[in-house]
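Let me begin by presenting the structure, written as structure tokens, before commenting on it.
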There are 2 protein chains.
Amino acid sequence: MSTMQEVAAKAGVSKATVSRVLSGKGYVSQETKDQVFKAIEEAGYRPNLLARNLATSKSMCIGLVVTNTLYNGHYFSELISQAAKKLDANGRQLILVDGKHSAEEEQDAIQFLHDLRCDGIIIYPRFLSVDEMDLLIDKYKKPVMVVNRKLRKHQSHCIYCDHKGSSFNATQALIERGHRDIAFITGSMDSPTAIERLSGYRDALTASGIPVKESLIVPGKWSPASGAAAVETLLASGQPFSALLASNDEMAIGAMKQLNTAGIGVPAQVSVIGFDNIPTAPFLIPALSSVKDPVSDMISEVINQIIAMLDGGYLSEQNHFSSDLILRDSVIDGPYKTRQ
Amino acid sequence: MSTMQEVAAKAGVSKATVSRVLSGKGYVSQETKDQVFKAIEEAGYRPNLLARNLATSKSMCIGLVVTNTLYNGHYFSELISQAAKKLDANGRQLILVDGKHSAEEEQDAIQFLHDLRCDGIIIYPRFLSVDEMDLLIDKYKKPVMVVNRKLRKHQSHCIYCDHKGSSFNATQALIERGHRDIAFITGSMDSPTAIERLSGYRDALTASGIPVKESLIVPGKWSPASGAAAVETLLASGQPFSALLASNDEMAIGAMKQLNTAGIGVPAQVSVIGFDNIPTAPFLIPALSSVKDPVSDMISEVINQIIAMLDGGYLSEQNHFSSDLILRDSVIDGPYKTRQ
DNA sequence: TTGTAAGCGTTATCAC
DNA sequence: GTGATAACGCTTACAA
């Protein structure tokens with residue numbers, strides 16, 4: 001690999017001049033500029049970014065920590081590709097680091113990005129608690145932003161979605177359509193998102209004066225198979241229900257399959273709503289209603305914030321987003337005769 | 001940020017000694033080791049990886065270039081997360097760079113990784129031709145591996161899947177079950193994968209002495225919506241068919257929806273097979289058969305190869321994988337009465 | 001307008 | 001065992 005020194009020699013100038021030509025900073029005569037460009041061309045020169053970053057203590061890279069266990073493929077790919085696209089539009093690169101399977105490993109990933117002198121760090125946490133993250137933000141000088149959690153202390157360092165409110169709305173939509181016996185499939189309960197969605201469901205029922213029946217709440221683990229299993233549990237319990245809210249679309253799909261297997265028509269006998277609005281959902285028969293998680297908007301805003309912190313631009317006040325409830329024909333109007 | 005120099009001062013030793021302690025190379029007395037570790041602890045010292053990488057001209061990072069337009073969320077996430085996991089297991093980090101929307105931008109992405117002095121580069125190409133990539137491999141000294149293409153010159157620098165053979169097998173499976181009128185939905189025809197899948201279909205028909213009817217081949221663009229549109233085209237043409245091979249699962253799902261909308265039962269009247277085996281597929285009603293793309297195995301093997309080139313380990317001879325045909329109850333046995 | 005030289009924070013080769 | 005010191009390739013005052 002040819003170095004700046006070699007280019008300088010070829011062009012008959014000093015390193016400093018070559019550096020000036022490349023950075024566009026400082027005065028260089030057109031004549032020498034031409035010579036330098038010619039020399040660069042001839043030498044096939046490429047700047048060594050490690051050296052540049054070391055000298056400037058900047059990297060033009062933003063790190064993203066996310067666990068590879070994020071189940072939903074569509075959600076994950078939207079997160080990553082949106083981040084890459086948006087950063088790229090700002091002349092920066094994305095460095096993706098696996099948060100693996102524990103809070104400690106998530107910490108390590110962040111540490112690594114810091115050691116690499118990334119200009120900023122984005123965390124899509126799976127295991128770290130909000131308090132741990134508040135501490136981390138104190139610890140690091142560089143901008144750190146957290147997606148999908150509401151921090152206690154550093155409110156401007158996080159962007160989150162009101163999962164509880166979204167779930168509340170979805171449940172309420174079912175109630176308004178005449179449903180009273182609404183079953184609920186949870187996500188993995190070690191996930192705050194899962195907890196919030198469940199809690200929105202409970203609150204909506206309570207708000208409408210409908211008692212919460214614990215036997216209508218069954219645990220799932222985000223996967224289609226766990227959604228199917230949940231329906232089996234539900235049917236075995238004998239509790240009647242006319243609607244079903246699943247904590248994500250994948251489980252909703254599994255649940256629908258199981259309902260059909262049991263000879264129960266969707267939506268004729270049970271209305272179903274999921275979360276995340278995966279793109280295959282509208283093509284299922286019958287179409288699945290869904291609550292669309294604003295992951296794209298959130299990651300986009302997080303990057304806006306980081307760039308603002310870095311380049312000193314405008315810092316937005318908005319740090320939370322809400323989800324759109326997309327009702328398709330899997331939800332039909334009441335009055336409802338609850339299926340036995 | 002504290003530096004190695006500061007740690008050295010605190011411990012009353014020289015930089016060199018601290019470096020030795022950290023790298024574990026060279027002799028250091030237990031006593032000084034302890035002092036150094038204590039100083040590191042006190043200072044909260046963390047090595048600057050930029051400086052280290054510059055000095056060693058190694059980075060322990062592997063770059064991956066992939067376009068954000070890769071439609072299928074599940075496929076994309078499997079690719080990325082498998083790469084991150086596998087590299088991590090080898091003590092290396094993944095750097096993801098967006099290949100964006102053209103061959104030129106894919107080249108830029110590769111150049112960037114090279115400028116960052118990544119130890120190796122993985123390309124999941126979307127726009128670059130095999131010849132361009134053969135040139136790139138000559139150009140760069142560091143290991144470069146290509147996934148999902150068969151290179152002409154550097155055969156050991158690529159890992160690919162026999163899409164044509166997989167498609168041939170899927171088509172043959174339908175023929176063996178008594179189908180003769182098999183429709184085909186293509187992918188975007190600017191993708192080699194799409195071309196190979198179509199060509200496997202054609203060959204299988206020909207091999208069985210069944211004439212290829214061009215009106216049974218309709219274009220799709222990988223998305224569920226395009227699959228649905230393709231079925232409309234197919235039905236409008238009036239050509240009868242008893243089976244349908246879609247170039248991916250997403251289109252197959254869209255196609256099934258459209259068939260059902262038209263009152264055509266799957267599999268009662270039409271057997272359907274897709275590609276990629278997305279996880280929600282087995283939960284669709286009726287279950288979708290699929291050809292599973294070995295993306296995990298391919299990326300895994302690519303990383304093995306890169307590590308072998310780097311650390312001088314064993315280089316495997318296997319550079320192609322085949323796909324498993326997963327037949328579910330969306331394909332039923334003949335003899336078939338072709339639907340009119 | 002250009003050159004000199006001192007960093008940036010490591011590693012690695014020598015001596016001692 | 002340990003300490004100087006020269007790289008690594010670039011940026012950036014400060015001179016000229």
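All chains are named by letter (A, B, ...) in the order of the sequence lines, taking the proteins before the strands, and each is independently numbered beginning at 1.
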Practice problem: Could you list where the contact with chain B starts and ends along DNA chain C, reading 5' to 3', using a 4.0 Å heavy-atom cut-off? | Solution: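 Both ends considered, the range comes out as C:dG9 to C:dA12.
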Counting only heavy atoms not in [X], do more than 12 fall under 6.0 Å of its [atom1]?
{"X": "A:His154", "atom1": "NE2", "answer": "yes"}
{"X": "B:Lys150", "atom1": "NZ", "answer": "no"}
{"X": "A:Gln318", "atom1": "CD", "answer": "yes"}

Quiz prompt | Between CZ on residue B:Phe127 and CD on residue B:Glu132, distance to nearest 0.5 Å | solution =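 Output value for this atom pair is 12.0 Å.
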Quiz prompt | Sub-4.0 Å heavy-atom contacts from residues 17-34 of chain A onto DNA chain C, ordered by number | solution =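 Hits under 4.0 Å, by residue number: A:Thr17, A:Arg20, A:Tyr27, A:Val28, A:Ser29, A:Thr32.
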Quiz item: Between B:Lys153 and B:Asp138, is the closest basic N to carboxylate O distance under 4.0 Å?
Solution: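 B:Lys153 and B:Asp138: salt-bridged.
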Self-check item: B:Lys38 and B:Glu42 ion-paired at < 4.0 Å
Solution: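 So B:Lys38 pairs with B:Glu42 through a salt bridge.
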Quiz prompt | Any donor-acceptor N/O pair, A:Ser19 side chain to A:Lys15 backbone, under 3.5 Å | solution =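 No, the answer is negative, given that no donor and acceptor are paired below the 3.5 Å cut-off.
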Exercise. Output yes when a side-chain donor or acceptor of A:Asp88 lies under 3.5 Å from a complementary backbone atom of A:Ala84, and no otherwise.
Key: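 It does not hold such a pair.
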Exercise. Scan residues 36-62 of chain B against DNA chain D and write down, sorted by residue number, each residue with any heavy atom closer than 4.0 Å; if none is found, say none.
Key: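 Contacting residues: B:Leu54, B:Ala55.
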Quiz item: What class does the angle between the rings of A:Tyr140 and A:His114 fall in, given that below 30° is parallel, 30 to 60° is tilted and above 60° is perpendicular?
Solution: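 The rings of A:Tyr140 and A:His114 sit tilted, inter-plane angle from 30° to 60°.
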Quiz item: Can you give the first and last nucleotides of DNA chain D, 5' to 3', that have an atom under 4.0 Å from a heavy atom of chain A?
Solution: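 Going 5' to 3' along DNA chain D, contacts run D:dG9 to D:dA13.
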Quiz prompt | Contact list for residues 110-126 of chain A, test salt bridge (charged side-chain N to carboxylate O under 4.0 Å, His left out), sequence neighbours left out | solution =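 Residue pairs passing salt bridge (charged side-chain N to carboxylate O under 4.0 Å, His left out), neighbours aside: A:Asp115-B:Arg46, A:Arg126-A:Asp190.
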Quiz prompt | Side chains of A:Ser29 and A:Thr32, donor plus acceptor under 3.5 Å | solution =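 On atom types as modelled, these side chains qualify, holding a pair under 3.5 Å.
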Quiz prompt | Terminal axis angle for the helix from C:dT1-D:dA16 to C:dC16-D:dG1, five pairs an end, nearest 10 degrees | solution =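 Roughly 40° between the end axes, to the nearest 10°.
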